[in-house]
Participant: 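Supplied in structure tokens, the structure appears directly below.
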Amino acid sequence: MGDVFDEELREQLAEARRLRALAREAGDEDGAQAYEGRVTQLLRIAAHHGIAVAHSVDEEEED
């Protein structure tokens with residue numbers, strides 16, 4: 001079951017990043033910001049469950 005959760009989280013993260021990039025390319029700042037929030041949320045979930053995922057410096061949370 002853990003592998004399924006891990007895989008689903010990684011798929012959702014990849015999709016949110018893809019959609020964020022598309023929104024940025026289209027000049028849709030509101031959309032990009034919404035997907036940025038989704039990426040942040042998914043990274044928090046991953047950290048909470050001990051799932052190591054690669055992330056960029058701009059995706060790191062500020063404490």
Participant: Using the rule that Ile, Leu, Val, Met, Phe, Trp and Tyr join whenever any side-chain heavy atoms are under 4.5 Å apart, tell me whether L13 and I51 fall into a single cluster.
Facilitator: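 Yes; tracing contacts between hydrophobic side chains, which count when under 4.5 Å, links both residues.
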
Participant: When rounded to the nearest 0.5 angstrom, what distance separates CZ in R20 from CZ in R17?
Facilitator: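 If we round to the nearest 0.5 Å, R20:CZ and R17:CZ are 6.5 Å apart.
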
Participant: What closest approach, in Å, do A32 and A23 show between heavy atoms, and which atom pair accounts for it?
Facilitator: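 Smallest heavy-atom distance, with atoms named: N-CB, 3.5 Å.
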
Participant: Would you indicate whether the side-chain heavy atoms of F5 and I45 approach each other to under 4.5 Å?
Facilitator: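 Yes, their side chains come closer than 4.5 Å.
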
Participant: Does a donor on one side chain sit under 3.5 Å from an acceptor on the other, for R44 and Q41?
Facilitator: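 Judged by distance alone, the side chains do not pair up.
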
Participant: Is it true that R10 and E7 make a salt bridge, defined as a side-chain N closer than 4.0 Å to a carboxylate O?
Facilitator: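 Salt bridge absent between R10 and E7.
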
Participant: Would you compute the distance between atom CD of E11 and atom CG of D6 and round it to the nearest 0.5 angstrom?
Facilitator: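 So the gap between those two atoms works out to 10.0 Å.
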
Participant: Surrounding CD of Q33 (heavy atoms of other residues, nucleotides or ligands, distance under 6.0 Å), is the total greater than 12?
Facilitator: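 No.
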
Participant: Please tell me if the side chains of R38 and Q12 come closer than 4.5 Å, counting only heavy atoms from C-beta onward.
Facilitator: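 Counting from C-beta outward, R38 and Q12 do come under 4.5 Å.
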
Participant: What pair of heavy atoms forms the shortest contact from R24 to E36, and how long is it?
Facilitator: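 Closest heavy-atom pair between R24 and E36: NH2-OE1, 3.3 Å.
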
Participant: Kindly compute the distance separating CG (L42) from CD (E59), expressed to the nearest 0.5 Å.
Facilitator: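 Between L42 CG and E59 CD, I get 10.0 Å after rounding to 0.5 Å.
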
